[in-house]
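For the numbers below, each heavy atom of this structure counts, side chains included, while hydrogens, waters and symmetry mates do not.
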Amino acid sequence: MPIAHIMASGMTGIRAAGDLVARMEFSKNMRIGEAKEYVAKKVGVDTMDLSDEHVMREIREELDIGVITSVAGAAKGIAAKMNIEKLLDVKINSCDLFRKQIA
Amino acid sequence: MATEYALRMGDGKRVFLTKEKIIEEIEAGTADAADLGEISTLSGDEIDKLAEILMMPGKAVSVEQGMEVPVTHDIGTLRIDGDQGNSGVGIPSSRLVGCMMHERAFGADTMELGHIDYSFKPVKPVIANECQAMEVCQQNMIIPLFYGAMPNMGLYYTPDGPFENPGDLMKAFKIQEARESMEHAAEHMTRDMVWIMQRLFASGTDGVNFDTTAAAGDGDFYGTLHAVEALRTQFPDMYIEVGMAGELVLGMHGELEYDGVGLAGLWPHQQAPLVAKAGANVFGPVVNTNTSKTSAWNLARAVTFIKAAVEVSTLPCHVDMGMGVGGIPMLETPPIDAVTRASKAMVEIAGVDGI
Amino acid sequence: MASKEELIQELSDAIISCKKDAVLAAVEKAKEVMEPAEIIEKGLAAGMNEVGVLFERGKLFLPHVMMAADAMGAGVAVLEADLPEGSESKKLGVIVNGTVEGDVHDIGKSIVSTMLQSAGFEVHDIGRDVPLRNFIEKAKEVKANMIGLSALMTTTLPGQKEIIALLKEEGMRENVKVMVGGAPATQAWAEKIGADCYAENASEAVAKAKELLL
C-alpha cells in the first residue's frame with residue numbers, strides 16, 4: 001500500500017527531491033507550497049522539477065546529496081546528509097552526533 | 001441502462017454504482033462529517049471533482065504533475081520483516097535492510113524505525129537495542145528517519161500496567177477513581193515517552209512519530225501533548241509528528257484540558273491547534289472508514305474532515321491513509337484502485353501537505 | 001399541570017443532564033399522571049438512547065454515560081414498587097462480552113459493555129485475552145442470551161469463529177445470539193462465520209442487541 005501512495009502522490013524520496021521537501025516541513029513547520037518554494041530556490045529549479053527524476057538525478061549527483069542507485073564514490077548516509085545540511089541551511093541530528101563523535 | 005462505475009465498500013468489496021448514486025453517496029458522506037464536526041460540507045465543485053476521481057477509468061490514478069507531496073511511511077520496517085500476521089509480509093531481513101529498501105527501492109520520502117510491538121512502553125526494556133538500530137540506520141540513510149510508536153495508554157492499566165482499569169471502575173460507577181487512574185496513567189506514559197525519546201535523540205534520530213494518539217481517549221491525548229511539550233523544550237530541533245487514532249477524541253475522562261481546552265470530543269480541526277501549541281512540527285489527522293458504507297461515502301466524509309483541519313492548521317498536515325482510514329477500505333490488502341483514488345482526493349481536494 | 005408530552009421531555013432531559021436529583025424529581029412529578037412502565041419506557045429509556053447518541057457525537061463522555069445510567073437506575077428503583085405485580089422491570093437481556101484470547105485490546109470492548117449496561121442489559125464483561133472456552137462457561141453460568149466478541153487484530157479474529165463452533169458443539173447456538181465487532185471485523189465477516197450481527201460502534205451494538213433480543 002505505501003507503494004501505491006508513493007506512486008499516486010509521493011515525491012519519490014531521493015529519486016527526486018522528496019526528502020528535501022519533507023525536511024523543510026519537519027524542521028521549519030513549512031506548509032507544502034512554502035517547503036517546495038524554499039527547496040526549489042536552494043536547488044535552483046522550478047517547484048515542478050522537484051518531482052522530476054530527470055532534473056533531480058543530475059542535480060543530486062552534482063551537489064553530492066545522495067542518489068538512489070549505487071554510484072561508486074558518491075556521498076552516502078551521513079556524508080550525503082552533511083551536504084544536505086549545507087544546501088538547505090538546516091541542522092540534521094545524526095550529523096551533529098557524527099561531528100561530536102569525531103571531535 | 002445508466003453506466004455503472006466500479007467502486008468499493010468500506011470492507012473492500014467491489015460495488016457498482018451509477019454517477020447519480022455516487023453523487024448521492026458523496027453528498028451523504030460530506031453531510032455526515034459536516035454535521036458531526038460542525039464544519040462546512042464540500043462545495044458543488046469539490047463534490048464533482050471527487051465524483052470524477054472515483055469514476056476515472058484507470059485502475060490506478062495519481063495527482064496532477066507538480067502537486068506531489070511527501071509520503072511519510074509509518075509503522076517502521078515492520079511491513080517487511082513483520083510476521084505477526086497483520087502488519088508485515090514476513091521477509092526475513094534486518095530493520096536496516098527494511099529502512100534502506102523503503103529509501104532506495106520504494107522511493108519513500110521519510111521513513112521510520114519501529115519496535116515489533118509498536119507501543120512505547122515495551123521499548124523501555126530494550127532501549128539499548130533500539131538506540132543501536134537507530135545509530136546503524138542513521139549512518140546509512142539519507143531521507144529523514146524517525147522513531148515511531150503508539151502511546152497506547154491502555155498498557156498502563158491492569159492487567160498490563162500498574163493502574164486500576166478505568167473501564168472496570170466506570171462499570172462499578174467509581175467515576176472519580178477511574179478519572180484518577182487515567183491521570184496517573186497519562187503521567188507515567190508521558191514520562192516513559194520522554195525518557196525513550198531522550199535516548200533515541202542522543203542516538204541520532206531525526207525525530208519522533210506519535211502514532212495512533214488518543215487511541216485510549218482524552219487521557220492518551222493529554223499524556224502525548226505533554227510529552228511533545230517536554231521534548232520540544234529539551235530538543236528544539238527534534239522533528240515531532242503527532243498522528244491521531246480516529247476523527248474523534250473519545251471522552252473517557254471527560255474533564256482533561258490542554259491549554260484551557262477540553263480534550264474530549266475534539267474533531268480533527270479542533271485537535272490541530274493543540275498539537276501545534278504543544279510544539280509538534282506535523283499533525284497527522286485521521287478519519288476512520290465505516291466498513292458498511294461505500295468508498296464514495298467514506299472518502300467524502302474523510303476529505304471533508306481533513307480539509308477543515310488543513311484549513312485551520314498552522315502546521316503541515318500529513319493525513320493518515322493506512323488500512324481502514326482516510327477513505328481506504330478496511331482490508332489487509334487494500335485495493336490499489338481505492339488507495340490511489342483516496343490519495344489523489346486528499347491531495348487535490350483536502351489540500352494535505354503530505355501523507 | 002404539565003402535559004404528558006412535557007413530562008416525558010422533562011424525564012428525558014433529566015437523564016441527559018446526568019443528575020440523579022433531577023431524574024428523581026422528574027419521576028416524582030410524572031408519577032402523578034403516568035403509569036410507571038410508561039415513565040420508564042418513554043421518558044427514562046428514551047433519555048438514555050439520546051445519551052448514547054450524544055456520546056457517539058462527542059457531546060457527552062463516558063463518565064456522563066455512567067452518571068446517566070446511575071440516575072436512571074435510581075429512577076427505576078423508585079418506580080418498581082408501584083409496578084403491577086409480575087411486571088417488575090426486567091433486564092433487556094443477559095450479555096457476556098469480552099475480547100477473544102490472544103488479544104489484549106480492552107478499551108473499545110469496555111465502551112460497548114458500558115453502553116449495553118446503560119441501555120438496560122445485564123452485562124458480564126469477562127475482560128480481554130479471554131480463553132475461548134470461558135465465553136461458553138460464563139454464558140452457561142449466567143444463562144446469557146447473547147455473547148459479544150471483540151477482536152482488534154486480524155490474527156485474533158478467527159477466535160470469534162471458533163467460539164461459534166464451540167457454541168454449536170455444546171448445543172447452545174440456538175439459544176445464544178452472537179455479536180461480533182472490533183476494527184478488522186466487518187458485516188461480511190459476520191456473515192461468513194455465521195454470527196447474528198456485526199456492530200460498527202457502541203451505539204450500533206446497543207441498537208442491534210435490542211433488535212435481536214427484544
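For A/Val90, no part lies under 4.5 angstrom from a heavy atom of chain B. In this structure, chain A has a heavy atom under 4.5 Å from the side chain of B/Val347, while its backbone stays farther away. Proximity to chain B involves both the backbone and the side chain of A/Ala22, based on heavy atoms less than 4.5 angstrom apart. Neither the backbone nor the side chain of B/Phe283 has a heavy atom closer than 4.5 Å to any heavy atom of chain A. Heavy atoms closer than 4.5 Å to chain A are found nowhere in B/Ala60, neither backbone nor side chain. Contact of B/Phe235 with chain A is not made at all, since no heavy-atom distance falls under 4.5 Å. Contact annotation for B/Ala276: neither backbone nor side-chain heavy atoms come within less than 4.5 Å of a heavy atom of chain A. In this structure, the portion of B/Ile355 lying under 4.5 Å from any heavy atom of chain A is its side chain and not its backbone. For a residue to count as touching a neighbouring chain, one of its non-hydrogen atoms must lie under 4.5 Å from one of that chain's; by this rule A/Ile84 touches chain B with the side chain only. Heavy-atom distances place the side chain of A/Ile3, and not its backbone, under 4.5 Å from chain B. The contact between B/Pro144 and chain A is made by backbone and side chain atoms together, counting heavy-atom distances below 4.5 Å. Looking at B/Met346, there are no atoms closer than 4.5 Å to chain A (heavy atoms on both sides), in backbone or side chain.
Across all non-hydrogen atoms, the minimal contact from A/Ile6 to B/Val71 is CG1-CG1, 4.0 Å. Contact record, A/Ala4 with B/Val339: CB-CG1, 3.8 Å, taken as the closest heavy-atom pair. Taking every heavy atom of both residues into account, A/Leu97 and B/Gly204 meet most closely at CD2-N, 3.8 Å.
The candidate with the highest count of non-hydrogen atom pairs below 4.5 Å against chain A, out of B/Pro335, B/Gly66, B/Gly351, is B/Gly66. Contacts with chain A were tallied for B/Ile142, B/Ile143, B/Val282, B/Ile336; B/Ile142 has the most, counting heavy-atom pairs under 4.5 Å.
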Between chain A and chain B, which N and O donor-acceptor pairs fall under 3.5 Å? A table would be great.
unit_1  : atom_1 : unit_2   : atom_2 : d
A/His5  : ND1    : B/Ser343 : OG     : 2.9
A/His5  : NE2    : B/Met321 : O      : 2.8
A/Ala8  : O      : B/Val63  : N      : 2.9
A/Ser9  : O      : B/Val69  : N      : 2.8
A/Ser9  : OG     : B/Ser343 : OG     : 2.7
A/Met11 : N      : B/Val69  : O      : 3.3
A/Met11 : N      : B/Asp109 : OD2    : 3.1
A/Thr12 : N      : B/Asp109 : OD1    : 3.3
A/Gly13 : N      : B/Gly107 : O      : 3.2
A/Gly13 : N      : B/Asp109 : OD1    : 2.5
A/Arg23 : NH1    : B/Asp206 : OD1    : 3.1
A/Arg23 : NH1    : B/Tyr239 : OH     : 3.0
A/Arg23 : NH2    : B/Ile142 : O      : 3.0
A/Glu25 : OE1    : B/His318 : NE2    : 2.4
A/Phe26 : O      : B/Asn281 : ND2    : 3.1
A/Asn29 : OD1    : B/Asn281 : ND2    : 2.6
A/Arg31 : NE     : B/Leu315 : O      : 3.4
A/Arg31 : NE     : B/Asp353 : OD1    : 3.2
A/Arg31 : NE     : B/Asp353 : OD2    : 3.1
A/Arg31 : NH1    : B/Ser313 : O      : 2.5
A/Arg31 : NH1    : B/Leu315 : O      : 3.4
A/Arg31 : NH2    : B/Val310 : O      : 3.1
A/Arg31 : NH2    : B/Asp353 : OD2    : 3.1
A/Ile32 : N      : B/Asp353 : OD1    : 2.9
A/Lys36 : NZ     : B/Gly66  : O      : 3.0
A/Lys36 : NZ     : B/Glu68  : O      : 2.6
A/Ser51 : OG     : B/Glu68  : OE1    : 3.2
A/Val67 : O      : B/Arg104 : NH1    : 3.3
A/Ile68 : O      : B/Arg104 : NH1    : 3.4
A/Ile78 : N      : B/Gln139 : O      : 3.4
A/Lys81 : NZ     : B/Gln138 : O      : 2.8
A/Lys81 : NZ     : B/Gln138 : OE1    : 2.6
A/Lys81 : NZ     : B/Met141 : O      : 3.1
A/Asn93 : ND2    : B/Phe201 : O      : 2.8
A/Asn93 : ND2    : B/Thr205 : O      : 2.7
A/Ser94 : OG     : B/Gln138 : OE1    : 3.3

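Residues passing the side chain to side chain contact (heavy atoms under 4.5 Å, CB included) test with B/Met330, sequence neighbours excluded: B/Thr291, B/Met323, C/Pro184. For B/Ile196, the side chain to side chain contact (heavy atoms under 4.5 Å, CB included) partners two or more places apart in sequence, or in a different chain, are B/Phe120, B/Val123, B/Lys124, B/Ile127, B/Leu200. Take B/Ala342 and apply the side chain to side chain contact (heavy atoms under 4.5 Å, CB included) test, not counting sequence neighbours, and it matches B/Leu299, B/Met321, B/Ile328.
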